Enquirer: 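Pasting in a structure now, in structure tokens, and then I'll have a few things to ask.
Please read all numbers here as calculations on a predicted model, not as lab measurements. Lettering of chains follows the sequences in order, A, B, ..., and the numbering in each one begins at 1. These values consider heavy atoms only, across backbone and side chains, with no hydrogens, waters or symmetry-generated copies.
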Amino acid sequence: MTLPVTPSQTVGPFVHLGFDPMTRADAAAGAAGPVVTLSGRVLDGQGQPIPDAVLEVWQANAAGRYDHPDDRRNVPLDPAFRGFLRVPTDAGGRYRLRTIRPGPVPGPGGRMQAPHLLVCLFMRGLLRHLYTRVYFAGDPANDGCPILALVPAGRRSTMVALPDGEGAYRWDIVMQGPSETVFLNL
Amino acid sequence: MSDIVGYRRPGAGAQPAYLHPPYKSSVARAPALPPVAVPQTLSEVTGPLFADLAVGAHEADLTKGSAAPPQGERIIVQGRVLDQDNRPVPRTLVELWQCNAAGRYHHPLDQHDAPLDPNFHGFGRAVTDDDGFYRFVTIRPGAYPWRNHANAWRPAHIHFSLFGPSFLTRLVTQMYFPGDPLLPLDPIFNCVDDPVARDRMVAAFSLDATVPEFALGYVFDIVVRGREATPMEGDAP
């Protein structure tokens, strides 16, 4: 017999009460690999900034290894890097995080995926969290990524962060409209 | 790579749709386009684990840690975190937040004209034991108005956040109290079509969880996504 999953509910406007104690906006300290900062805004269907959103990020280390027992490949773990971040947006809907550029990890059929962050999004008004990914503009692996290739070509840019200075990238999340971010059905 | 086992996708009706117009905040924030289906990869079936997180026993008792006990009815909320195959989810982080007994959150944005209780901050966390069991001591939260529609009041509820064994088992939900007259009127509770699934969000009063001369007990079991039986197609190296 299979049990039904408990229904999801919105985090509501006071999510910070519950999430702030585990805020981790910097995963790079002490870790091996190139440091990247990622910042941007979260915008609603009217283009208004969303001040009560929270982004959670899960990613591989610089060598492309996940700190998890289901990743059994012979690729080194970095004891200084766990791969998890949780950042809130501020009053202007802005977020900012600092991490390590992840290495490539295998995908369907063993084909390598381009470096990416997996993002989980929460906010008041969202009855279920949303998943998406961020890739890095200019990475030569993007063109061959088997997951990015499944996203309609015209919308692919919504999952790609743009260069914004030395080691910095910019990526906005847009909930609705012509530049609506691609969210993933997983 | 050939041994990756994916997670079951949610069934229809058991999870809310993103757009639920009676809940007004969903209108400008629900994605307008359907999500793009992609296979689960190593990125999704892994996720942060908190088995070694240093969570103090006192963090699961929201009535302690202040100068005086908080106002209101002390309660116990306990239960198990399970997956869809009825297996316990051990050593997983459970985060909880709620308003006080008067229906006010300890948060600068909460402008409800109800007393703030300086001895109740409304946040707790625990890590499940080897059997997936957790237990909190807290205060029964009050109902509060929320301006979603005329004379709108949220039923008493406690927010729960869980991770489970992967990024795909992530779950944030709300626990409600049995017999609450506001439940049939609440657009957030009623965003779930399937009444059986909806009732999974209502805790059960339990005399077994009740501690004599101390507090009434409620049991709230939480089910996260379970794994498929077989490795995912196309993952062979």
Enquirer: How many angstroms lie between atom CG of B:D61 and atom OG1 of B:T138, to the nearest 0.5 angstrom?
Expert: 8.5 Å
Enquirer: How many angstroms lie between atom CZ of A:R128 and atom CZ of B:R170, to the nearest 0.5 angstrom?
Expert: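 A:R128 CZ to B:R170 CZ: 14.5 Å, rounded to 0.5 Å.
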Enquirer: Has A:D172 got a side-chain atom pairing as donor or acceptor with A:R41's backbone, closer than 3.5 angstrom?
Expert: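 Yes; at least one donor-acceptor contact below 3.5 Å.
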Enquirer: If you take the centroid of each ring, where Trp contributes its six-membered ring, are B:Y134 and B:F136 closer together than 6.0 Å?
Expert: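 Under 6.0 Å, so yes.
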Enquirer: Any idea which of B:N86, B:D194, B:D221 has the most non-hydrogen atom pairs under 4.5 angstrom with chain A?
Expert: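 The residue among B:N86, B:D194, B:D221 with the greatest pair count is B:N86.
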Enquirer: At what distance, to the nearest 0.5 angstrom, does CG of A:D44 lie from CE of A:M175?
Expert: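 Here the rounded value is 9.0 Å.
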Enquirer: Against chain A, label B:H121 side chain, backbone, both or neither, depending on which of its atoms sit under 4.5 Å from a heavy atom there.
Expert: backbone
Enquirer: For B:P31, is it the side chain, the backbone, both or neither that has a heavy atom under 4.5 Å from a heavy atom of chain A?
Expert: both
Enquirer: Name the region of B:S161, side chain, backbone, both or neither, that has any atom closer than 4.5 Å to a heavy atom of chain A.
Expert: side chain
Enquirer: Hey, what do you get for CZ (A:R96) to CG (A:D26), rounding to the nearest 0.5 Å?
Expert: 10.5 Å
Enquirer: Can you tell me how far CZ of A:R101 sits from CG of A:L38, rounded to the nearest 0.5 angstrom?
Expert: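 Here the interatomic distance stands at 11.5 Å.
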Enquirer: So what's closer than 4.5 Å to chain A heavy atoms on B:V38: side chain, backbone, both or neither?
Expert: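 Both backbone and side chain.
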Enquirer: Using a 4.5 angstrom heavy-atom cutoff, name the option from A:M22, A:Q59, A:H16 with the most pairs to chain B.
Expert: A:M22
Enquirer: Tell me which of these, B:E44, B:H159, B:R225, B:H20, has more heavy-atom pairs under 4.5 Å with chain A than the rest.
Expert: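 Max contact count across the listed options: B:E44.
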Enquirer: Please lay out, stage by stage, how B:Y105 and B:W97 fare under the test ring pair (Phe, Tyr, Trp, His ring centres under 6.0 Å).
Expert: CA-CA 9 Å; B:Y105 284 91; B:W97 69 101; 8.7 Å; no
Enquirer: Tell me the closest heavy-atom pair linking B:P155 and B:D186, and the distance in Å.
Expert: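 What the structure gives for the nearest pair is CD-CG, 3.3 Å.
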Enquirer: What part of A:F14 gets within 4.5 angstrom of chain B, counting heavy atoms only: side chain, backbone, both, or neither?
Expert: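 Backbone plus side chain of A:F14, per the 4.5 Å heavy-atom cut-off to chain B.
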Enquirer: Under 4.5 Å from any heavy atom of chain B, what part of A:D20 do you find: side chain, backbone, both or neither?
Expert: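 The answer is neither part of A:D20.
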Enquirer: So, for B:V94 and B:T128, which heavy atoms are closest and what is the spacing to 0.1 Å?
Expert: CG2-CG2, 3.9 Å
Enquirer: Select one option (side chain, backbone, both, neither) describing which atoms of B:D110 are under 4.5 Å from chain A's heavy atoms.
Expert: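 Both parts, backbone and side chain.
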Enquirer: Tell me, for A:R124 versus chain B, whether the close heavy atoms (under 4.5 Å) come from the side chain, the backbone, both or neither.
Expert: both
Enquirer: If you count heavy-atom pairs under 4.5 Å between each of A:C120, A:G125, A:G45 and chain B, which one has the most?
Expert: A:G125
Enquirer: When you measure from the side chain of B:N119 to the backbone of B:S66, do you find a donor-acceptor pair of N or O atoms at a distance under 3.5 Å?
Expert: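 Answer holds: no.
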Enquirer: Might you point out which heavy atoms bring A:A161 and A:V134 nearest each other, and give the distance in Å?
Expert: CB-CG1, 3.7 Å
Enquirer: Minimum heavy-atom separation for A:P49 and A:G92, please, with both atom names.
Expert: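 Residues A:P49 and A:G92, closest heavy atoms: CB-O, 3.1 Å.
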Enquirer: Measuring heavy-atom distances to chain B, does A:R72 have an atom under 4.5 Å in its side chain, in its backbone, in both, or in neither?
Expert: side chain
Enquirer: Taking heavy atoms only and a threshold strictly under 4.5 Å, list by residue number the residues of residues 177-185 of chain A that touch chain B; give 'none' if the list is empty.
Expert: A:E180, A:V182, A:F183, A:L184, A:N185
Enquirer: Heavy-atom distance under 4.5 Å to chain B: side chain of A:E56, backbone, both or neither?
Expert: both
Enquirer: Between the side chain of A:Q176 and the main-chain N/O of B:V27, is any donor-acceptor distance below 3.5 Å?
Expert: yes
Enquirer: In terms of ring plane angle, is the pair B:Y176 and B:H157 parallel, tilted or perpendicular, where the classes change at 30° and 60°?
Expert: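 Aromatic pair B:Y176/B:H157 classed tilted.
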Enquirer: If we define contacts as heavy-atom pairs under 4.5 Å, which of B:F167, B:W146, B:F189, B:F123 has the most with chain A?
Expert: B:F167
Enquirer: Classify the ring geometry between B:F160 and B:F220 as parallel (under 30°), tilted (30 to 60°) or perpendicular (over 60°).
Expert: tilted
Enquirer: Which atoms of A:V11 come close to chain B, meaning under 4.5 Å heavy atom to heavy atom: side chain ones, backbone ones, both, or neither?
Expert: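 Both backbone and side chain.
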Enquirer: What I want to check is whether the side chains of B:R29 and B:Y23 have a donor and an acceptor closer together than 3.5 Å.
Expert: no
Enquirer: Which atoms of B:L162 come close to chain A, meaning under 4.5 Å heavy atom to heavy atom: side chain ones, backbone ones, both, or neither?
Expert: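 The answer is neither part of B:L162.
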Enquirer: For A:P152, which atoms come within 4.5 Å of any heavy atom of chain B: side chain, backbone, both, or neither?
Expert: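 A:P152 touches chain B through side-chain heavy atoms alone.
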Enquirer: May I ask you to name which of A:G83, A:P21, A:P146, A:P102 has the most heavy-atom pairs under 4.5 Å with chain B?
Expert: A:P21
Enquirer: Quick check on B:R198 against chain A: is it the side chain, the backbone, both or neither that has a heavy atom closer than 4.5 Å?
Expert: backbone
Enquirer: Give, as side chain, backbone, both or neither, the part of A:R65 having an atom under 4.5 angstrom from any heavy atom of chain B.
Expert: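 Neither the backbone nor the side chain of A:R65 comes within 4.5 Å of chain B.
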Enquirer: If we define contacts as heavy-atom pairs under 4.5 Å, which of A:L126, A:D70, A:V105 has the most with chain B?
Expert: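 Option with the greatest count: A:D70.
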Enquirer: What part of A:P13 is in contact with chain B, defined as an atom under 4.5 angstrom from a non-hydrogen atom: side chain, backbone, both or neither?
Expert: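 Just its backbone gets close to chain B.
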Enquirer: Quick one: which of A:L17, A:V174, A:L150 has the most heavy-atom pairs under 4.5 Å with chain B, could you say?
Expert: A:L17
Enquirer: Under 4.5 Å, counting heavy-atom pairs only, tell me which of B:D85, B:D83, B:I188, B:V172 racks up the most with chain A.
Expert: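 Highest number of heavy-atom pairs under 4.5 Å: B:V172.
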Enquirer: Could you tell me the separation between the CD1 atom of A:I173 and the CD1 atom of A:I50, rounded to the nearest 0.5 Å?
Expert: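 Nearest 0.5 Å value for the CD1-CD1 distance: 9.0 Å.
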Enquirer: Give, as side chain, backbone, both or neither, the part of B:L19 having an atom under 4.5 angstrom from any heavy atom of chain A.
Expert: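 B:L19 has no heavy atom closer than 4.5 Å to chain A.
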Enquirer: Which pair of heavy atoms, one from A:R82 and one from B:D52, lies closest together, and at what distance?
Expert: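 The answer is NH1-OD2, 3.7 Å.
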Enquirer: Under 4.5 Å, counting heavy-atom pairs only, tell me which of A:I147, A:T10, A:V15 racks up the most with chain B.
Expert: A:T10
Enquirer: Non-hydrogen atoms of chain B under 4.5 Å away: do they reach the side chain of A:L43, the backbone, both or neither?
Expert: neither
Enquirer: Quick one: which residue pairs count as a ring pair (Phe, Tyr, Trp, His ring centres under 6.0 Å) with a foot in residues 77-106 of chain A, not counting sequence neighbours?
Expert: A:F84-B:F50, A:F84-B:F163
Enquirer: Check each atom of B:V196 against the heavy atoms of chain A and say whether the ones under 4.5 Å are side chain, backbone, both or neither.
Expert: neither
Enquirer: Would you confirm whether A:W58, through its side chain, and A:L85, through its main-chain N or O, come within 3.5 Å as a donor-acceptor pair?
Expert: no
Enquirer: Top residue by heavy-atom pair count (under 4.5 Å) with chain A, among B:A17, B:S26, B:S166?
Expert: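 Among the listed options, the one with the most contacts to chain A is B:S26.
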Enquirer: Which atom names give the shortest non-hydrogen contact between B:P141 and B:A156, and what distance separates them?
Expert: O-CB, 3.4 Å
Enquirer: Can you tell which of B:A32, B:P165, B:C99, B:G47 has the highest number of heavy-atom pairs within less than 4.5 Å of chain A?
Expert: B:G47
Enquirer: Tell me, side chain or backbone of A:V42 under 4.5 Å from chain B's heavy atoms, or both, or neither?
Expert: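 Neither part.
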